[in-house]
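In this text, all values refer to a predicted model and were calculated from it rather than measured experimentally. Throughout, protein chains are lettered first and strands after them, A, B, ... in sequence-line order, and every chain is numbered starting at 1.
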2 protein chains.
Amino acid sequence: MRVLAVEDDQRIAADLKTALEAAGFLVETCEDGEDAWFLGDTESYDLVILDLGLPGMDGLSVLKKWRANGRDMPVLVLTARGAWTERVEGIDAGADDYLPKPFRMEEVIARARALIRRSAGRATALQSAGELTLDANRMSVAIRGVPVPATALEYRLLSYLMLHRERVVPPTELLEHLYGDDDAREANALEAVIARLRRKLGPGVIGTRRGFGYFLEGSGA
Amino acid sequence: MRVLAVEDDQRIAADLKTALEAAGFLVETCEDGEDAWFLGDTESYDLVILDLGLPGMDGLSVLKKWRANGRDMPVLVLTARGAWTERVEGIDAGADDYLPKPFRMEEVIARARALIRRSAGRATALQSAGELTLDANRMSVAIRGVPVPATALEYRLLSYLMLHRERVVPPTELLEHLYGDDDAREANALEAVIARLRRKLGPGVIGTRRGFGYFLEGSGA
DNA sequence: TCCGACCTGACAGGACGCTGACAGAGAGCG
DNA sequence: CGCTCTCTGTCAGCGTCCTGTCAGGTCGGA
């Protein structure tokens, strides 16, 4: 899961990054409204966390421009305490949720997870496809109920496939969401991760559609 | 849009009903946990607004039981001020959003709209012509509902014919679309692909109009 | 009947994806 | 600070499946 955190206070930004990464997200940060707009418009994120008070371009304007361009990733807005009119404005501008400052990191994590789940139309933290089950709270993986140790990278991969379980996910898209654009890896890195996961999970969990990409077996068709 | 508001404080419940109805929703209210569980489990709502402090059955338990039964309508949870652990619990139990009391009615409306907007969508990318069905999500092909293994190239060919099912597609156009201009193949390459496909799909799926091109049978052409 | 358009089976080269080995980076720890 | 252990990207090699080509065969129209 790839997250963009837009926050000009460097201390808060660093805390966000740490907490989100500990929760298994791939985090990119950005401190400026113009940069944020550009990144959100050109890159593909599963979630954006957006501070409203920004240098460069105001957060609300950034959000409105994204929505006007048809970008529909979930956006979690950070507002100053008590500025509830700002919150309503934010939601009307297309935000999916807001959080008043100061906030607990636990809350950010919980809301981030909820937003990502909801953007896929699912409700609970426990998700399964076939014999595979992911627990977003514990970042744990189980096959037929038996826990399987998985590294952070492996979990990210599985959780992205789970989020898009109804379709075949192209390797380029997986690479982008696992690593981000800045440090691209060779396609083979992905194959290596898949191979290691398959060894752990056994056959019949991760499927390949040659020429198209990967998918979770037993999830619909 | 049909909304269930679960709230034991009658004054708040009335305010909610008024505000939501003014915003164009069809609102039903309920003051008791047991009733709420029954209604949410048997009726179909576009949104549920759920107070956590309830007589009868606790709001969190109601929510969990709904989710356990596979009910996945969006749920907006109302929590006491400052009880952020409760909020995190609520979200983990499957809530899609929460709102701390006291709240402004404008906020409820805005969030209700956002939640319903989010939960919409989700289209299946199925296309069919005659007895042939293509699933753009799974990149899969089925004939009379029976899945047929198809390679990437074969799928691309079928999907192009499907896109232009109302007309006969000339071989030159198919070649161009399948391979691009740069590396052209002999016309026979296309014929080979068609032949392999016909063997898999059986007769009466891909038609030939001698001297003009190919088309999908049973699709008006 | 003749010709060109199209079909088909066989085949080989190659693209694609999988795997095991290896090493560098980083975290944890004494 | 140095050691160890885990994680993970890279590389090389391998097997499998795909697919273009070729050499015929078949069909349809004039």
Side-chain angles (χ1 to χ4, degrees), chain A residues 17-18 21-22 24-27 139-141 148-161 168-215 217, chain B residues 139-141 148-161 168-215 217:
Chain A
K17 189 172 162 72
T18 309
E21 279 176 350
F25 297 99
L26 172 68
V27 184
M139 269 181 67
S140 66
V141 179
V148 172
T151 69
L153 184 69
E154 289 165 351
Y155 180 82
R156 278 217 301 275
L157 172 54
L158 285 179
S159 93
Y160 193 83
L161 285 181
V168 173
V169 182
T172 52
E173 182 180 338
L174 275 174
L175 282 169
E176 188 176 340
H177 282 259
L178 282 185
Y179 304 109
D181 265 4
D182 0 304
D183 58 343
R185 305 302 157 110
E186 310 230 346
N188 199 348
L190 179 61
E191 291 164 15
V193 181
I194 297 267
R196 280 190 274 260
L197 262 174
R198 284 212 251 242
R199 195 180 316 163
K200 290 180 184 175
L201 299 173
V205 179
I206 303 179
T208 305
R209 188 124 291 161
R210 194 173 241 255
F212 287 112
Y214 299 95
F215 63 98
E217 307 219 40
Chain B
M139 307 294 186
S140 66
V141 179
V148 172
T151 70
L153 185 70
E154 288 165 354
Y155 180 85
R156 287 213 307 274
L157 171 54
L158 284 179
S159 118
Y160 193 82
L161 285 181
V168 174
V169 182
T172 52
E173 183 180 339
L174 276 173
L175 282 168
E176 190 177 329
H177 179 77
L178 284 184
Y179 303 108
D181 289 333
D182 4 302
D183 59 342
R185 305 300 156 108
E186 309 221 350
N188 198 330
L190 179 61
E191 291 164 14
V193 181
I194 297 268
R196 278 190 277 258
L197 262 175
R198 285 213 253 241
R199 191 184 317 167
K200 289 180 184 175
L201 300 173
V205 180
I206 303 180
T208 306
R209 186 129 304 163
R210 189 168 249 258
F212 292 101
Y214 300 95
F215 63 97
E217 308 221 38

Just how far, in rounded Å, is [atom2] of [N] from [atom1] of [X]?
{"X": "B:Leu157", "N": "D:dC18", "atom1": "CG", "atom2": "P", "answer": "15 Å"}
{"X": "A:Leu197", "N": "D:dT8", "atom1": "CG", "atom2": "P", "answer": "10 Å"}
{"X": "B:Glu191", "N": "D:dG25", "atom1": "CD", "atom2": "P", "answer": "17 Å"}
{"X": "B:Arg198", "N": "D:dT26", "atom1": "CZ", "atom2": "P", "answer": "17 Å"}
{"X": "A:Lys200", "N": "D:dT6", "atom1": "NZ", "atom2": "P", "answer": "11 Å"}
{"X": "A:Glu154", "N": "D:dC7", "atom1": "CD", "atom2": "C1'", "answer": "9 Å"}

Closest to the [X] side chain, choosing from [options]:
{"X": "A:Arg210", "options": "D:dT8, D:dG9, D:dC17", "value": "D:dC17"}
{"X": "B:Ala189", "options": "D:dG28, D:dG15, D:dG20", "value": "D:dG20"}
{"X": "B:Asn188", "options": "D:dT21, D:dC7, D:dG28", "value": "D:dT21"}

For chain A, the stretch of DNA chain C it reaches, first to last nucleotide, under 4.0 Å of its heavy atoms = C:dC16 to C:dG20
Would you mind classifying the nucleic acid contact of A:Glu186 as base, sugar-phosphate or nothing, using non-hydrogen atoms under 4.0 angstrom?
-> sugar-phosphate
Report which part of the nucleic acid B:Arg196 touches: base, sugar-phosphate, or nothing (heavy-atom distance under 4.0 Å, all strands).
-> base
Over all heavy atoms of both residues, which pair between A:Phe212 and B:Ala152 is shortest? Give the atoms and the distance, please.
-> CE1-CA, 3.4 Å
Taking all atoms of both residues into account, what is the closest heavy-atom pair of B:Leu175 and B:Glu186, and its distance?
-> CD2-O, 4.1 Å
Taking the side chain as everything from C-beta on, heavy atoms only, tell me whether [X] gets closer than 4.5 Å to [Y].
{"X": "B:Arg198", "Y": "B:Val205", "result": "no"}
{"X": "B:Glu173", "Y": "B:Tyr214", "result": "no"}
{"X": "B:Ser140", "Y": "A:Arg209", "result": "yes"}
{"X": "B:Ile206", "Y": "B:Leu158", "result": "yes"}

Phosphate oxygens OP1/OP2 of D:dT8: is one of them under 4.0 Å from a side-chain N or O of A:Tyr179?
-> no
Want to settle it: does A:Ala152 or B:Leu153 sit nearer the 5' end of DNA chain D, counting the closest nucleotide to each?
-> A:Ala152
Check for a donor-acceptor pair, side chain of B:Lys200 on one end and backbone N or O of B:Ala150 on the other, with a separation under 3.5 Å.
-> no
First encountered from the 5' end of DNA chain C, between A:Ile194 and B:Pro171 = B:Pro171
